[in-house]
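Single-structure report; data block below.
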Amino acid sequence: MRKFANMIPAFHLMCNMPTAFGAIGTAFNFHVDPSMTLGVGSIGGSSLSGSLTPFHLLDIKTLAERQEHMEWIKNPPALYFNRNCTEEALGDLAKKGTCQRIMIVTDKTMTSLGYVERIKNSLQGQGMSFSVFDDVNPDPDMNCIRAGVQACNTFRPDTMICIGGGSPIDAGKFIRVQYENPNVSIDDLAARFIEIRKRTNEFPEHGKKIHTVVCIPTTSGTASEVTPFSVVTDDDGNKLPLFSYNMTPDIAIVDSSYTVQLPKTLVAHAGLDAITHAIESFVSVVANDFTKPLSKKSLKLLIDNLQSSYHHGDEKSRELVHHGSTIAGLAFSNSFLGVCHSLSHKVGAEFHLPHGLTNAILLPYVMEYNAVENPTRMTAYPTYDHPQSLERYAELAKYLNCKGNNNKELAKELVNKLQNLNIELEVPLSFKEYGINEEEFMKLIPKMAIGAFDDQCSPANPRFPLVNELEEVLKKSYYG
């Protein structure tokens with residue numbers, strides 16, 4: 001038997017067993033690995049009453065065909081736009097009949113500019129009562145949130161109006177969460193995702209006390225008036241991007257009359273933040289047929305009108321930039337962002353820099369990092385089956401009339417266009433040029449890179465970031 005076994009090129013050789021006649025497995029040979037054989041089975045499952053034919057030798061399998069999981073678009077149910085639309089929009093709010101006690105969340109600047117008084121006059125004309133909380137600081141922290149919750153506990157509002165830049169709107173969103181759910185922890189709500197739309201910790205439902213949130217942006221950048229995001233600094237000084245579609249505002253009032261008095265620096269920084277939203281949302285692995293047109297249209301509006309808005313401040317360019325910012329927000333609310341924002345959160349928190357400024361400096365270097373055909377690792381997402389960032393940058397470049405003979409040249413021209421825009425808007429091209437201390441920046445690079453890797457914006461980046469690669473991006477952004 002051993003001699004025979006050595007001569008025959010067989011995987012299994014069985015003698016005096018039912019499997020010798022084609023029955024592999026079952027009660028007769030528990031310790032024999034299964035294999036394909038011809039013949040009949042020992043319990044009749046594959047027995048034949050007639051002759052064995054070619055039909056019986058066919059190996060037919062049933063395979064499951066992959067079906068992509070459900071996607072969605074979730075934006076505010078109502079959006080009002082065009083100059084001086086505020087009063088009419090608030091009139092519609094009054095007609096609902098359920099908005100009687102309004103908490104206005106804002107900052108001291110909005111009060112001093114008279115914007116809060118404008119809201120109060122409109123609410124008084126509609127017969128609604130209100131209270132004002134205007135103690136929001138530029139980067140809202142938990143002390144600010146707790147003070148806002150206390151103001152809500154005192155007034156007991158059923159509606160909230162947030163007016164201002166990104167900070168008052170972000171603060172208002174999270175004040176509502178904490179007011180209605182006082183026992184939730186910001187650390188739990190900021191916990192990383194299992195997958196871009198699946199949380200490790202459930203975000204609480206709200207609407208039990210404040211059933212309507214109205215957001216009125218006075219700057220053209222964050223688009224927080226239409227997004228499910230809120231950026232809040234915790235008690236340890238960490239800037240945490242919080243996300244839940246439960247935080248999507250109910251009504252957005254995009255009234256460009258509030259942007260007339262914006263200082264030039266804020267116009268530049270906010271506008272470049274919006275451009276970053278448009279570009280990152282377009283190359284995101286979650287970008288889809290519904291978000292890409294929004295990304296492209298917003299980018300076109302911003303690129304075509306931001307310089308005029310900065311240099312001349314005319315009503316039309318301010319209005320179009322304002323609209324472009326909100327449209328970019330509608331896009332990235334549903335396609336998310338990337339590592340430019342991840343890095344920007346960490347650099348901004350360490351050096352207390354304006355968010356739009358850090359985005360503007362980082363974006364060209366992040367684009368160069370992403371624009372490769374064979375990344376070290378590609379981010380995994382069901383609808384993202386191959387690296388596409390280079391071709392998508394090229395698509396944007398052609399849409400903006402950049403010239404190039406291939407995708408690499410087009411992507412490079414898009415980067416050049418953005419850096420030339422930075423120069424035109426008097427924004428530095430590197431953190432060194434901005435004046436940040438070299439030794440201090442280099443010392444913090446490992447910390448910032450690790451923090452950016454763990455940031456909630458990173459999972460949608462088209463190139464899966466490695467920590468050492470993020471360190472290199474930070475070094476390039478410092479030296480230029």
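In Asp385, the CG atom is crowded: over 12 heavy atoms of neighbouring residues, nucleotides or ligands sit closer than 6.0 Å. Applying the 6.0 Å contact sphere to CD of Glu88 captures no more than 12 heavy atoms from other residues, nucleotides or ligands. Around atom NZ of Lys95, no more than 12 heavy atoms belonging to other residues, nucleotides or ligands sit under 6.0 Å away.
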Identify every side-chain donor-acceptor pair in residues 171-178 under 3.5 Å, counting partners at least two apart or on other chains, and give the distances.
unit_1, atom_1, unit_2, atom_2, d
Lys173, NZ, Ser224, O, 2.7
Lys173, NZ, Ser224, OG, 3.1
Lys173, NZ, Thr227, O, 2.6
Lys173, NZ, Thr227, OG1, 3.2
Lys173, NZ, Phe229, O, 2.8
Arg176, NE, Ile210, O, 3.1
Arg176, NH2, Ile210, O, 2.6
Gln178, NE2, Val184, O, 3.3

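Between the side chains of Asp158 and Thr98, not a single donor N or O lies within less than 3.5 Å of an accepting N or O. One side chain, His277 or Asp273, offers a donor N or O that lies under 3.5 Å from an acceptor on the other. Under the 3.5 Å distance criterion, with hydrogens and angles disregarded, no donor-acceptor pair is assigned to the side chains of Ser295 and Arg392.
In this view, Asp134 and Lys108 satisfy the salt bridge (charged side-chain N to carboxylate O under 4.0 Å, His left out) rule, not counting sequence neighbours. For Glu205, the side-chain contact (heavy atoms from CB on, under 4.5 Å) criterion is met by Asn246, not counting sequence neighbours.
Between the side chain of Ser281 and the backbone N or O of Ser335 there is no donor-acceptor pair closer than 3.5 Å.
The ring of His355 has its center closer than 6.0 angstrom to the ring center of His345. Side-chain rings of Phe336 and Phe243 approach one another, their centers coming within less than 6.0 Å.
Cation-pi geometry between Lys476 and Tyr365 is not met at under 6.0 angstrom from the ring centre and within 45 degrees of the axis.
For Lys96 and Asp250, the salt-bridge test fails: no basic side-chain N is under 4.0 Å from an acidic carboxylate O. We find that Arg318 and Glu315 are not joined by a salt bridge, their nearest charged nitrogen and carboxylate oxygen being 4.0 Å or further apart.
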Inset, instruction - In sequence, state the C-alpha distance, the side-chain angles, and the governing distance for Thr86 and Tyr258, and then conclude on side chain to side chain donor-acceptor pair (under 3.5 Å). - result: CA-CA 10 Å; Thr86 298; Tyr258 295 106; 3.0 Å; yes

